[in-house]
Student: 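The structure is given below, and queries will be raised subsequently.
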Amino acid sequence: MIKLFRVDHRLLHGQVAVSWYGAVGADCILIANDDVPKDPIRKASIKMAKPSGSKLVMQSIDRSIESLNSGITDKYHLMIIVESINDAYRIISKMNNKPKVLNLGGTKETSETRILAPSVNTNSKDEKQLKELIEQGVKVEVQQVSTSSIKVVKETDLSAE
């Protein structure tokens, strides 16, 4: 059961570990990222941020899709964290049981992005993918921590064609 599907370019850090993990009642964290499983330094830093008593899995995007669709994750109250909107889109587009909500926590600012909400920067590709997810029935929300207010992203908020 997916308790939280979050985009956060910092992946697992104190804010996620402290605020979200307990608030959503998760018992397993899936870091779905193509680089982390191959990077011992990033893996080590993520392991240090892991909440005590939690299960932590770090897998590539494709392996994460396989795990989610196989049913092996069904026994967990799962918190999925990805680094980018594109990673979330790649996973959700191929999931058998799509999450009801996608939480946008933080995305990197670049010269090609605009501010969609505080800490959430999007480019035209991100916005096109978010529109598609909304059309598929996924509610897209911006919420930094579990106690902060929720901004629901609507198609009209997105400028992509």
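Quantities reported herein were computed from a predicted structural model and do not represent experimental measurements.
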Student: Could you measure the distance from the OG1 atom of Thr73 to the CD1 atom of Ile2? Nearest 0.5 Å is fine.
Tutor: 7.0 Å

Student: How close do Val145 and Ser19 get, heavy atom to heavy atom, and via which atoms?
Tutor: CB-OG, 3.3 Å

Student: Can you find a heavy atom in the side chain of Ile46 that is under 4.5 Å from one in the side chain of Leu56?
Tutor: yes

Student: Taking C-beta and beyond as the side chain, do Leu30 and Ser64 meet within less than 4.5 Å on heavy atoms?
Tutor: yes

Student: Examine distances only and state if a side-chain atom of Gln143 and a backbone atom of Ser146 form a donor-acceptor pair shorter than 3.5 Å.
Tutor: yes

Student: More than 12 foreign heavy atoms under 6.0 Å from NZ of Lys94: is that the case here?
Tutor: no

Student: Set out, in order, the CA-CA distance, both residues' side-chain angles and the distance that settles side chain to side chain contact (heavy atoms under 4.5 Å, CB included) for Asn86 and Gln129, then state yes or no.
Tutor: CA-CA 7 Å; Asn86 184 58; Gln129 291 174 334; 2.8 Å; yes

Student: With a 4.0 Å cut-off on N to O distance, would you call Glu132 and Lys128 a salt bridge?
Tutor: yes

Student: Rounded to the nearest 0.5 Å, what's the gap from CG on Asp35 to CD1 on Ile31? Could you check?
Tutor: 13.0 Å

Student: I want to check something: taking the side chain as every heavy atom from C-beta on, are Ile80 and Arg6 in contact at a cut-off of under 4.5 Å?
Tutor: no

Student: How far apart are the closest heavy atoms of Ala117 and Val142, and which atoms are they?
Tutor: CB-CG1, 3.8 Å

Student: Linking I/L/V/M/F/W/Y whenever their side-chain heavy atoms sit closer than 4.5 Å, directly or via other members, would Val7 and Val57 fall into one cluster?
Tutor: yes

Student: With a 3.5 Å distance limit and no angle check, can you tell me whether Asp34 reaches the backbone of Ile61 through a side-chain donor-acceptor pair?
Tutor: yes

Student: Would Thr107 and Thr113 count as a side chain to side chain contact (heavy atoms under 4.5 Å, CB included) if you check the C-alpha gap in whole Å, the side-chain angles of each, and the deciding distance to 0.1 Å?
Tutor: CA-CA 10 Å; Thr107 57; Thr113 60; over 6 Å; no

Student: Applying salt bridge (charged side-chain N to carboxylate O under 4.0 Å, His left out), name anything that partners Lys55, two or more places apart in sequence or on another chain.
Tutor: none

Student: Are side-chain heavy atoms of Pro99 and Ile92 found at a separation under 4.5 Å?
Tutor: yes

Student: Ignoring hydrogens and geometry beyond distance, is a side-chain donor-acceptor pair present between Asn103 and Glu141 at under 3.5 Å?
Tutor: no

Student: Nearest heavy-atom pair of Gln144 and Trp20: which atoms, and what distance?
Tutor: O-NE1, 3.0 Å

Student: What's the spacing between Met95 CE and Ile91 CD1 if we round to 0.5 Å?
Tutor: 8.0 Å

Student: Any side-chain heavy atom of Leu102 within less than 4.5 Å of one from Ile85?
Tutor: no

Student: When rounded to the nearest 0.5 angstrom, what distance separates CD in Glu155 from CD1 in Ile134?
Tutor: 5.5 Å

Student: Any carboxylate oxygen within less than 4.0 angstrom of a Lys/Arg side-chain nitrogen, looking at Asp157 and Lys151?
Tutor: yes

Student: Quick one: does Tyr21's side chain have a donor or acceptor within less than 3.5 Å of a partner on Ala26's backbone?
Tutor: yes

Student: Go through the structure and list residues passing side-chain hydrogen bond (donor to acceptor under 3.5 Å, both in side chains) with Lys50, not counting sequence neighbours.
Tutor: none

Student: Shortest non-hydrogen contact from Ser60 to Pro37?
Tutor: N-CG, 3.8 Å

Student: Is the closest side-chain heavy-atom distance between Thr110 and Asn123 below 4.5 Å?
Tutor: no

Student: Going by atom types only, do Ser67 and Gln59 share a side-chain donor-acceptor pair under 3.5 Å?
Tutor: yes

Student: Any side-chain heavy atom of Leu12 sitting closer than 4.5 Å to one from Ile29?
Tutor: yes

Student: Only counting residues at least two apart or in another chain, list the ones meeting salt bridge (charged side-chain N to carboxylate O under 4.0 Å, His left out) with Asp87.
Tutor: Arg90

Student: Do the side chain of Glu83 and the main chain of Leu11 share a donor and acceptor less than 3.5 angstrom apart?
Tutor: no

Student: Could you check whether atom CD of Glu112 has more than 12 heavy atoms from other residues, nucleotides or ligands sitting under 6.0 Å from it?
Tutor: no

Student: Decide if atom CG of Asn97 counts as having more than 12 heavy atoms of other residues, nucleotides or ligands within a radius under 6.0 Å.
Tutor: no

Student: Any side-chain heavy atom of Arg42 within less than 4.5 Å of one from Met58?
Tutor: no

Student: If two hydrophobic side chains count as joined below 4.5 Å and joins carry through other members, does Leu116 share a cluster with Val101?
Tutor: no

Student: Kindly give the heavy-atom pair with the smallest separation between Ile115 and Pro118, and that separation in Å.
Tutor: CG2-N, 4.4 Å

